[in-house]
Number of protein chains: 2
Amino acid sequence: MTGRPTITQLAAELGIAPSTVSRAFTRPNLLKPETVALVQKAAEAAGYVPNHHARALSTGRAGAIGLIVPDIANPFFPPLVRAAQNYASDLGLSVFLADTDEDPNREDRLISRMAPQVEGLIVVSSRLASARIRQIADSQRVAFINRDVPETYRVLLDTSAAIRSALTHLSELGHRRIAYVGGPPQSWANKQRHSAVDNFSKAHALEVTHFSADPGTYEAAKALGDSVAASGVTAVIAFDDVIAHGLMGGFAAAGVDVPKDLSVIGCDDTLATTTFPALSTIAVNVGAAARRAVAALSENPGSTSLTGARIIFEGTLVLRGTTGAVRPTSSPLTLEPELDHPATRRVQTGRGSDS
Amino acid sequence: MTGRPTITQLAAELGIAPSTVSRAFTRPNLLKPETVALVQKAAEAAGYVPNHHARALSTGRAGAIGLIVPDIANPFFPPLVRAAQNYASDLGLSVFLADTDEDPNREDRLISRMAPQVEGLIVVSSRLASARIRQIADSQRVAFINRDVPETYRVLLDTSAAIRSALTHLSELGHRRIAYVGGPPQSWANKQRHSAVDNFSKAHALEVTHFSADPGTYEAAKALGDSVAASGVTAVIAFDDVIAHGLMGGFAAAGVDVPKDLSVIGCDDTLATTTFPALSTIAVNVGAAARRAVAALSENPGSTSLTGARIIFEGTLVLRGTTGAVRPTSSPLTLEPELDHPATRRVQTGRGSDS
DNA sequence: TCTTGTTTTGCAAACGTTTGCAGAGAAAAG
DNA sequence: CTTTTCTCTGCAAACGTTTGCAAAACAAGA
């Protein structure tokens, strides 16, 4: 009828003051237990639910956080938003979700628009320039995931140690020539993985060829399959599982057997068991990262920005079915032969603050 | 310093009334253009952003909608939330996302908790009982997707026509014994697809065996691979692409070739191009459904509930690489032979209001 | 019975907007 | 130069909470 009942209506009905009703919910220990019970019964009966907006206006606390991701359709993100949402829910917070569509401008707009109405923001895999990020972090409560800009609050899923394990493992299997197939070039994770591969290889006399499946899609990776197979490498490390999966699709189409002809290791463990053979990959604790970020936002609700921090969760190598010993004869596969040693295509090796 | 500037502060600074400032944003045509410009400049300079909570409190419009899904990690949902979010954003609405974890109680709680703070709710693939749904629909503005309860506002992705096409196609290829591998039993889509297969088969002398990959996961489906292969069917229609994918995993492990030994057709077109061979499937317009639901919520903002409606978007069969002619000799595959004609396992054929 | 102290409740202001109503000018009409 | 009509702006109340402060009620100590 008259819409949802309000605290004032409840109070009138019970012949008590609105403030008392309010306190029955927010600070019941200040009230006589019987009063609390009375109010609760009436509230229950009337179907009263508190108005978040009024509360937010009064307390200055929004009761919500914002979560911004580049592309929710990428399988890396759903588990993350799930974890964030669950944990936020436990803390009594709702979560606004927004998708930037990989567009930095959209991301920037989204941040400005959401920031004022929430307790804080979680920005995952930001595509913004470092300078802008620092600027934002100065005036907004925002936690970044997988973006490493100094003096911001950031939680990072670090795979470099796991990548080193992966490379030593490959090396023990006899692999000497490996490929790294990168993803979105602006991605911090991509840069990080790229250099992890480079550094280790340099130190251990492995020869690495770089490829880039630029938008990071299955199709892009699949299209790269032939070139990778023909490049003479015997193992490949992919930026993430969807690229690994795409490569495997390309390999299968080209008749290249994994792991007999080529070993492949993915990253993120998003699809691992859904490929055949099951994908060896680097598992990464997105849930922990998400929860850490949520927790950070829920603390110190007063402050206008988060104090800088660099939280790291390390990934771990998990071996499944796509890695094996190098073929007895490591002679090139029978594909249209390219240049003997194709000039190793280097894809941006920048090691700035957000590498 | 003093936090974000407010309308009142802006007004004071400019020596005008708060209402004028407010109108400069909400009804600029009521004001002298110069005044509007003046206010806008000052707002820009001061970094003013309107406070959504205050606005919501004053207008009674929340400026946000809620989106509730059973499991964001299931690849069916991300494109849907993406479409919903994009369209909502165009309409100036934010979106709250929540995940019920397939738990009806959690879903119920979530609905009650979110409903009061939003313009309306979109509930996808609800696992709630029909009676409860009707009850909710009576008092809340909620649009359901893929749940068919009379007198509610619901948009349905109807695949039955496409399933008929799929079956006639299989039939033309010579298939006579097919399997339907179902997903979550409470799912409307599952019941609908189940009966579509049944009805058509009955009418066209196809023999259908039912299986259920109950929680609907890749693993469950993969584990079912052997039984399906051994059941003597020559084609299978899966509830969705992840089940189809799981089955293909199982088949691959068992040495069963797709499509030579067995044809498979998925549903939803969520992974289609990422399998090898590429999965034949039924494409479904989740984006349209999501947009329709958002639009419904944004209309008639005054009303306390949505008027009943049944919007249908039909799926279409898309043939890729997993369907082929039945094998010349349709003799049973060489797996441990089960009973000759395993009693067709029937999985819940209920055709109630939410079938 | 009168203090004094404690617990429980009420009053009223505040949070930042929006909006109906009315007042002030300015323009148009007489 | 009035009167009327319009355009523009201001006043103040309202939205539903929370919360500092003070009043009231009660209990305890004297």
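Residue numbers start from 1 in every chain, and the chains themselves are labelled A, B, ... in the order their sequence lines are given, proteins ahead of strands. All values below were derived from every heavy atom in this structure, side-chain atoms included, with hydrogens, water molecules and symmetry-related copies excluded.
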Discussion item. For a quick check, tell me whether the side chain of A:Arg23 and the base of C:dG10 share a donor-acceptor pair closer than 3.5 Å.
Written reply: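 Answer is yes: a donor-acceptor pair is held.
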Worksheet item: So which heavy atom on B:Ala56 is nearest to which on B:Ala62, and how close?
Response: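 Reported closest heavy-atom pair: CB-CA, 4.1 Å.
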Using atom [atom1] of [X] as one end and atom [atom2] of [N] as the other, report the distance to the nearest whole Å.
X: B:Gln117; N: D:dG16; atom1: CD; atom2: P; value: 13 Å
X: A:Lys32; N: C:dT6; atom1: NZ; atom2: P; value: 19 Å
X: A:Leu31; N: D:dT18; atom1: CG; atom2: P; value: 13 Å
X: B:His53; N: C:dT18; atom1: NE2; atom2: P; value: 14 Å
X: A:Leu57; N: D:dT19; atom1: CG; atom2: C1'; value: 14 Å

Could you please name the option among [options] that lies closest to any side-chain atom of [X]?
X: A:Thr20; options: D:dC15, C:dT9, D:dT17; value: C:dT9
X: A:Ile7; options: C:dT17, C:dT9, D:dT17; value: D:dT17
X: B:Ala54; options: C:dG16, D:dT18, C:dT18; value: C:dG16
X: A:Ser58; options: D:dC15, C:dT8, C:dC15; value: C:dC15

Using a 3.5 Å cut-off and no angle test, enumerate the donor-acceptor pairs between side-chain atoms of residues 292-301 of chain B and protein atoms at least two apart in sequence or in another chain.
{"from": "B:Ser298", "atom 1": "OG", "to": "B:Ala295", "atom 2": "O", "distance (Å)": "2.9"}

Item to complete: Using a cut-off of strictly less than 4.0 Å, decide whether A:Ser19 has a side-chain nitrogen or oxygen near OP1 or OP2 of D:dT18.
Response: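 The answer is no; no side-chain N or O of A:Ser19 sits under 4.0 Å from OP1 or OP2.
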Worksheet item: Looking only at atom types and distance, does a side-chain atom of B:Arg291 sit under 3.5 Å from a main-chain N or O of B:Asn86, one as donor and one as acceptor?
Response: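 Checking the backbone N and O of B:Asn86 against the side chain of B:Arg291, no donor-acceptor pair under 3.5 Å is found.
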Worksheet item: Counting only N and O atoms by type, is there a donor-acceptor contact under 3.5 Å from the side chain of B:Asn146 to the main-chain atoms of B:Leu157?
Response: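 Pair found, side chain donor or acceptor close to backbone of B:Leu157.
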Item to complete: Have a look at the helix from C:dT1-D:dA30 to C:dA22-D:dT9 and give the angle its two end axes make, five pairs each, rounded to 10 degrees.
Response: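 Here the local axes at opposite ends form an angle of 50°.
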Select base, sugar-phosphate, or nothing to describe what [X] touches, counting heavy atoms under 4.0 Å on all strands.
X: A:Thr8; answer: base
X: B:Phe25; answer: nothing
X: A:Thr59; answer: sugar-phosphate

Discussion item. Before you tell me yes or no, could you show the steps for B:Asp101 and A:Arg82 under salt bridge (Lys or Arg N to Asp or Glu O under 4.0 Å), namely the whole-Å CA-CA distance, both residues' side-chain angles and the distance that decides it to 0.1 Å?
Written reply: CA-CA 9 Å; B:Asp101 211 1; A:Arg82 185 176 216 275; 2.7 Å; yes
Worksheet item: Taking the six-membered ring for Trp, are B:Phe25 and B:Tyr48 parallel (under 30°), tilted (30 to 60°) or perpendicular (over 60°)?
Response: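 Rings of B:Phe25 and B:Tyr48: parallel, as their planes differ by under 30°.
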Fill in: Between B:Arg132 and B:Gln135: side-chain donor-acceptor atoms closer than 3.5 Å
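Yes, a side-chain donor-acceptor pair sits under 3.5 Å.
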Worksheet entry | Of A:Thr35 and B:Arg27, the one whose closest DNA chain C nucleotide lies more 5' |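 Upstream on the strand: A:Thr35.
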